Amino acid sequence: MNKRRAKITALGKFIPEKILTNAELEKMVDTSDEWIKTRTGIEKRHILEDDKATSDMIAYAFENMKKNFKINPEEIELIIVATITPDMFFPSTAALTQNKIGATNAWGFDISAACSGFLYAMEIARQFIENGTHKKILVAAAETLSRITDYQDRNTCVLFGDGAAVVLVEPTENNEDTGVIDSILKMDGNGKDYLHILAGGSKHPASNETIKKRMHYIYQDGKTVFKFAVSRMADVSQEILERNSLSGEDIALFIPHQANKRIIDACANKLKLKKEQVLINIHEYANTSAATIPIGLVDAFEQGRLKKGNLVLLSAFGGGFTWGSMLLKWGI
Ligand code: UT7
């Protein structure tokens, strides 16, 4: 008899309408469409309206999910939100989401794992499902990165965009073998120097000085992060494949975090994956941190690239450093 697994049973996304093009960025900083496209693969990014916040995007993604799947918000028991751009310090974005979507019977919390946030949140959801205490969990990953991006810094401002996606996680029934098969999650706090926002927390609370020094924006040492991202994502993906007696050719679709097309290509090469096995949408949305992987899942599902029984490999790397891989057998 197969053990109870945590399975994605519904999904939806929200991408803001407003677009910031590479051509517009050329007018803001010393950059070029050519540089951005060749060094990152990014062609545009979407920006949330000023009067909206991360929980609004989650609510819109939830609406999108409800259009395609039958969902009663009152049946949701737990909401886990992966984000580094919460609406505010507290209440949690999960609490704000609960209120907006009418999930009156849910408890919930936010988790902060930067670009690996969706994988971390899915692993937490998986534990609650496998141990039998919960039956309907909403996992949301959403980022309004435009609010923490320094549009005077060409090293970072070309990279990031806004977006959100949600998945519903439920237990498998009738001995079904789909769902989360395995996951490996890692962290190395030495990464703190290379990718961070210094101010706004208890270490450097907001002050005139932190604002003057532009310490409330993302800082990234791109070259260092690039090298770690390629090796860590490829290694952890290899590890999860080997641990499950699989190789690259068994994977129907690899959905990696979308930070840089060159990172994705390098990982795919190391895993010996063919082009058609890899989901790439960075040209559309840029890097939306925790949201890239679930947005990728929604895109792949909408495009018919996910079929029931397919093996799907997810992998991410981000601030912390945090990274990991998750292996799913697709079940919808
Ligand atoms: O999602 C979380 C994890 N994040 C990542 O995985 C991102 C990892 N890093 C990267 O994707 C890449 O390192 C970047 C896209 C951020 C940068 O690409 P790179 O090929 O590593 O460029 P670089 O930082 O080594 O810079 C090369 C040159 C520099 O000029 P000099 O010093 O050679 O004269 C930069 O100043 O490119 C310059 N540069 C730019 N030029 C035009 C940096 N940003 C820009 C820009 N436009 N936007």
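On a predicted model such as this, the values are computed, not experimentally measured, just so you know. All ligand and atom numbering here is 1-based and tracks the order in the structure.
Using a distance-only test at 3.5 Å, with no hydrogens or angles considered, a donor-acceptor pair links the side chain of Gln258 to the main chain of Asn281.
Checked by atom type, the side-chain pair Ser237/Ser315 shows a donor-acceptor distance below 3.5 Å.
In this structure, atom 27 (C) of ligand 1 has no protein heavy-atom contact shorter than 4.0 Å. By the definition of a contact as any protein heavy atom under 4.0 Å away, atom 37 (O) of ligand 1 is in contact. Distance check on atom 33 (O) of ligand 1: every protein heavy atom falls at or beyond the 4.0 Å cut-off.
Ranked by closest heavy atom to atom 48 (N) of ligand 1, the top entry among Lys227, Arg154, Glu34 is Arg154.
Residues passing the salt bridge (Lys or Arg N to Asp or Glu O under 4.0 Å) test with Lys37 are Asp33, sequence neighbours excluded. Qualifying salt bridge (Lys or Arg N to Asp or Glu O under 4.0 Å) partners for Arg214, counting only residues two or more places apart in sequence or in other chains: Asp150.
Residue contacts with ligand 1 for Asn287 involve side-chain atoms from C-beta outward but no N, CA, C or O (heavy atoms, distance under 4.0 Å). At a heavy-atom distance under 4.0 Å, only side-chain atoms of Thr40, from C-beta outward, approach ligand 1. Looking at Trp35 against ligand 1, only its side chain comes within 4.0 Å, counting heavy atoms.
In terms of polar-atom proximity, defined here as any N/O pair under 3.5 Å, Gly222 does make such a contact with ligand 1.
Residue contact check for ligand 1: Ile36 places no non-hydrogen atom closer than 4.0 Å to it.
Numbered from 1 in the order shown, with element, the atoms of ligand 1 that lie under 4.0 Å from a heavy atom of Asn155 read 43 (C), 44 (N).
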